[in-house]
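In what follows, a single structure is set out as structure tokens and then discussed.
None of the values given here were measured: they were computed from a predicted structure.
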Amino acid sequence: MGDYRDKLIAAMAVFLVVDTLVIASRVYVRTKMLARGFGLDDVVLILTYIGFVLSCAMGFMSMRYGYAAADQQPYYNKAKSTQFLFANQLGLYISAGLVKIAVALVLYRIASTKHLRWTLIGSMVVVTIWTVIMTLYASWPCAQSGSSNWAGSKACTQVAYFRTISNIFIDYFYALLPVFMLRKVHMNLRIKFASSATIAKLVIIVKLSTAKGAAADALHHDLLLWADIELGMAIFAAAAAALRPLLAKVVPAVWGRSLPRSNDHGTSDPGPYRALGAGNEMRPMSAMPGSGKGVAGTDANVRVSVV
């Protein structure tokens, strides 16, 4: 099992470093480089990051007391290990819902019609209810011996299937919605997916329903590993979507070619947020100062990164 501990430690350490850098960079861009750039989506994303940091801290403490250990040490304590593991799992469940809401808020900022805004508001309500119910199931009916166990009963296994499959649909909804939102704008889209980790988790849950003993323990370790990877990737993708102005400033030869002239903050075009007004909603391109073009007349070389 030592190999599982190494994988868990490596995954958490890597994403803690990467997500810290990208979150800090996003905050810098939104507060120092963009006018009225910092918004509710940034607040929720920062809360998601804090939840991820806390869940990783609980995971490290759980391993400190012997979780997934192949050896025996006098300071190992199964009860404490299980308590910290449970806290780690709850942190992951809650943060997984928060990161989806953060992505929805990012899309809300660039939604140009009332229909799209209400669609996004409805989706955030659904995600909130989904997160609360799934977290309650994980921490109450499906908690055995102090930690979540989706294979603990037939009902819990069915709930686990529902959670994982619905999670995939939610992820792809937010990944594909920007294509519909920007279908009339001649832009190159780059959409990042974190659902591959969710699909891997579904395969593990299917195997868990029949696994016993050491095989079941190994699958639980894999499930936790992929949960860490999924959340770490989601935070990175959501935060990185706002880094284009910083990248254009640091690497102008690559990221600054298609950017128009700098705005009143001395920075390059902020990408999908350049038309945001004080209310954090996109104004028509024709309403932008000094612009005589509507959306249909947008430069075809402009590139937008949407998560």
Side-chain angles (χ1 to χ4, degrees), residues 1-20 48-99 131 134-157 159-160 163-164 167 197-198 200-235:
M1 291 186 185
D3 184 48
Y4 287 108
R5 286 168 63 92
D6 293 341
K7 290 178 181 178
L8 286 169
I9 292 172
M12 288 190 290
V14 167
F15 281 109
L16 280 173
V17 172
V18 171
D19 288 349
T20 298
T48 305
Y49 167 73
I50 293 173
F52 179 61
V53 171
L54 292 176
S55 67
C56 286
M58 297 300 101
F60 285 129
M61 290 300 296
S62 179
M63 287 184 281
R64 169 69 175 77
Y65 285 109
Y67 177 71
D71 59 349
Q72 292 294 329
Q73 298 295 337
Y75 53 83
Y76 284 173
N77 186 313
K78 185 175 181 180
K80 288 186 176 180
S81 173
T82 302
Q83 289 174 354
F84 283 114
L85 175 63
F86 188 46
N88 166 259
Q89 292 171 330
L90 290 184
L92 290 174
Y93 296 143
I94 295 171
S95 298
L98 285 175
V99 75
T131 302
M134 293 300 102
T135 301
L136 288 175
Y137 260 97
S139 58
W140 187 21
C142 297
Q144 289 187 351
S145 302
S147 64
S148 299
N149 183 4
W150 294 115
S153 66
K154 183 177 179 180
C156 289
T157 300
V159 171
R163 181 186 186 278
T164 309
N167 191 30
T198 310
K201 286 163 56 182
L202 178 60
V203 174
I204 294 170
I205 292 173
V206 171
K207 293 180 179 179
L208 264 176
S209 60
T210 57
K212 303 293 182 182
D217 290 339
L219 289 172
H220 275 109
H221 299 153
D222 283 337
L223 194 61
L224 181 59
L225 173 64
W226 282 108
D228 289 327
I229 293 173
E230 176 190 21
L231 182 56
M233 288 175 58
I235 293 173

Flag side-chain contact, heavy atom, 4.5 Å: [X] against [Y]:
X	Y	answer
I235	V18	no
N88	S62	no
L90	M58	no
F84	M63	no
F60	I9	yes

For L231 and T48: C-alpha separation, side-chain torsions, deciding distance, then whether side-chain contact (heavy atoms from CB on, under 4.5 Å) applies. CA-CA 9 Å; L231 182 56; T48 305; 4.2 Å; yes

Taking every heavy atom of V159 against every heavy atom of Y137, the minimum-distance pair comes out as CG2-CE2, 3.8 Å

Indicate the atoms forming the closest heavy-atom contact of A96 with R163, along with that distance. CB-NH2, 4.2 Å

Any donor-acceptor pair under 3.5 Å linking the side chain of S81 with the backbone of N77? no

Using modelled atom types and a 3.5 Å cut-off, is there a donor and acceptor pairing between side-chain atoms of T20 and backbone atoms of L16? yes

Do the ring planes of F15 and F52 sit parallel (below 30°), tilted (30 to 60°) or perpendicular (above 60°)? perpendicular

Calculate, to the nearest 0.5 Å, the distance between atoms NZ and CG belonging to K7 and D228 respectively. 13.5 Å

Above 12 or not: heavy atoms from other molecules or residues under 6.0 Å from CD of Q72? no

